[in-house]
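Just so you know, these numbers use all the heavy atoms, side chains as well, and skip hydrogens, waters and symmetry mates. Proteins get letters first, then strands, A, B, ... in listed order; numbering begins at 1 in each.
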Protein chains: 2
Amino acid sequence: MADVISAQGTGEQLLSEQETVALIELMFFAYRDFVSDPDEILGTYGFGRAHHRVLHFVGRDPGMTVQRLLDILRITKQSLGRVLKELIGKGYIFQKEGEADRRQRLLYLTEAGEELRQRLMDPQIGRIRRAVALPEGDAAHLYRTVLYRMVSPANRETVRDWIGRAGLPGDAQDGG
Amino acid sequence: MADVISAQGTGEQLLSEQETVALIELMFFAYRDFVSDPDEILGTYGFGRAHHRVLHFVGRDPGMTVQRLLDILRITKQSLGRVLKELIGKGYIFQKEGEADRRQRLLYLTEAGEELRQRLMDPQIGRIRRAVALPEGDAAHLYRTVLYRMVSPANRETVRDWIGRAGLPGDAQDGG
DNA sequence: GTAAATATGTCAATATGGCTGACGTAATTT
DNA sequence: AAATTACGTCAGCCATATTGACATATTTAC
């Protein structure tokens with residue numbers, strides 16, 4: 001870590017281009033392997049990554065509306081439609097009419113859905129736990145902070161609201 | 001950071017499921033935004049994410065073979081074929097017969113290719129630099145370490161060889 | 001020197017997961 | 001009563017991946 005360029009005088013340093021490129025590529029390799037385990041499992045069910053996302057987020061917030069799911073996934077309702085239909089058809093998700101607003105079709109996981117969601121998540125939990133199990137300080141905290149700061153400022157409030165309960169660092173003062 | 005479960009007695013701690021799920025989701029959100037800037041630029045060229053990957057990796061290792069590129073990207077040559085043909089056709093990449101082995105078609109960026117690669121990389125460099133510009137210790141180093149440990153052990157040697165020059169931490173003792 | 005393996009390219013068919021645009025229905029809000 | 005919202009669906013298109021098959025040139029192995 002010798003070739004850093006000093007920055008705003010606040011103690012932070014500007015990463016060299018070479019070091020930053022290494023991080024860009026590590027993002028690619030890490031993400032590739034991060035999704036490889038669930039991908040394999042999904043294959044045996046005839047599902048894809050899109051199904052995983054739906055299962056995961058519905059499981060995290062049971063009773064969510066279709067619109068909320070679309071906002072999180074950032075896809076169109078037509079794209080979601082096919083995936084959702086398959087998940088419902090195969091008995092992993094069911095819908096319930098909203099009580100307050102009967103236009104809504106609130107989303108829930110069936111028992112099979114909960115099971116599959118957990119099965120898909122297990123290898124990722126293991127991978128992350130092992131990755132952050134470092135002797136040097138609080139690696140998990142710093143990792144979370146950096147990932148959070150990778151999110152575009154315009155999206156941070158939404159992300160923060162979603163993650164919420166698991167605790168995020170105080171919002172920093174950068175305009176990325 | 002209260003609800004951690006102590007682990008192997010080496011000072012590391014096991015992350016709670018809740019905290020780990022937050023990291024899983026942050027991976028998703030961070031990666032989504034991380035690729036959003038290049039995606040926008042690529043659209044104006046009629047290119048997609050696949051073209052970006054090819055431009056990036058060829059630019060990082062000019063003269064690489066097609067096979068080496070396939071190994072890095074982990075796609076089939078048929079998938080690469082179309083993308084490569086478009087990049088060559090539009091003048092961003094050119095091929096040169098290998099001198100030692102004349103079967104090889106070594107890959108290089110044209111000047112336009114170099115320019116586009118840099119243009120696509122710039123916002124990602126900025127995003128990462130801002131994300132790791134933290135007062136708390138060496139955030140970049142820790143971030144790189146964690147990302148590296150997210151890579152499957154079976155792939156770490158390849159990744160390490162690739163990243164190499166930018167310096168990676170000593171290989172740790174986990175069997176992820 | 002012939003046979004086998006390697007590096008690359010290409011044709012064809014298929015799957016997944018996105019997209020836009022248009023239209024319809026039911027329920028809620030104004 | 002009219003406008004808006006929540007949702008679903010049909011149809012077509014695009015990008016990116018897949019498998020399998022086949023061809024060509026070159027290098028390596030026996």
More than 12 foreign heavy atoms under 6.0 Å from CD of E111(B): is that the case here? no

Under 4.0 angstrom between [X] side-chain N/O and [N] OP1 or OP2:
X       : N       : answer
T76(B)  : dT18(D) : yes
R105(A) : dC7(D)  : no
R82(B)  : dT16(D) : yes
Q78(A)  : dA22(C) : no
H51(A)  : dT16(C) : no

[X] [atom1] to [N] [atom2]: how many Å, rounded?
X       : N       : atom1 : atom2 : value
L69(B)  : dT8(C)  : CG    : C1'   : 13 Å
H52(A)  : dG18(C) : NE2   : P     : 13 Å
Q67(B)  : dT27(D) : CD    : P     : 17 Å
F47(A)  : dA15(C) : CZ    : P     : 17 Å
L107(A) : dG8(D)  : CG    : P     : 8 Å
I75(A)  : dT20(C) : CD1   : P     : 12 Å
L70(B)  : dT6(C)  : CG    : C1'   : 13 Å
L87(B)  : dG9(C)  : CG    : P     : 13 Å

Using a heavy-atom cut-off of under 4.0 Å over every strand shown, decide if E97(B) touches base, sugar-phosphate, or nothing. nothing

Answer with base, sugar-phosphate or nothing: what part of the nucleic acid does G81(A) contact at a heavy-atom distance below 4.0 Å? nothing

Between L84(B) and R53(A), which is nearer to the 5' end of DNA chain C once each is assigned its nearest nucleotide? L84(B)

Residue whose closest nucleotide on DNA chain C lies nearer the 5' end, K77(B) versus A50(A): K77(B)

Quick note, D101(B) side chain, CB onward, closest among dC7(D), dT27(D), dT18(D) is dT27(D)

With no angle test and no hydrogens, is the base of dG9(C) tied to the side chain of K85(B) by a donor-acceptor pair under 3.5 Å? no

I'd like to know if R103(B) reaches the base of dT6(C) with its side chain, counting only an N/O donor and acceptor under 3.5 Å. yes

Quick one: are the ring centres of F47(B) and Y92(B) less than 6.0 Å apart? yes

Report the relative orientation of the aromatic rings in F57(B) and F28(A); use parallel for angles under 30°, tilted for 30 to 60°, perpendicular for over 60°. tilted

L147(A) to A30(B) - nearest heavy-atom pair and separation: O-CB, 3.6 Å

On the six-membered ring of Y108(A), is K96(A) placed so that its NZ or CZ lies under 6.0 angstrom from the centre and within 45° of the ring axis? yes

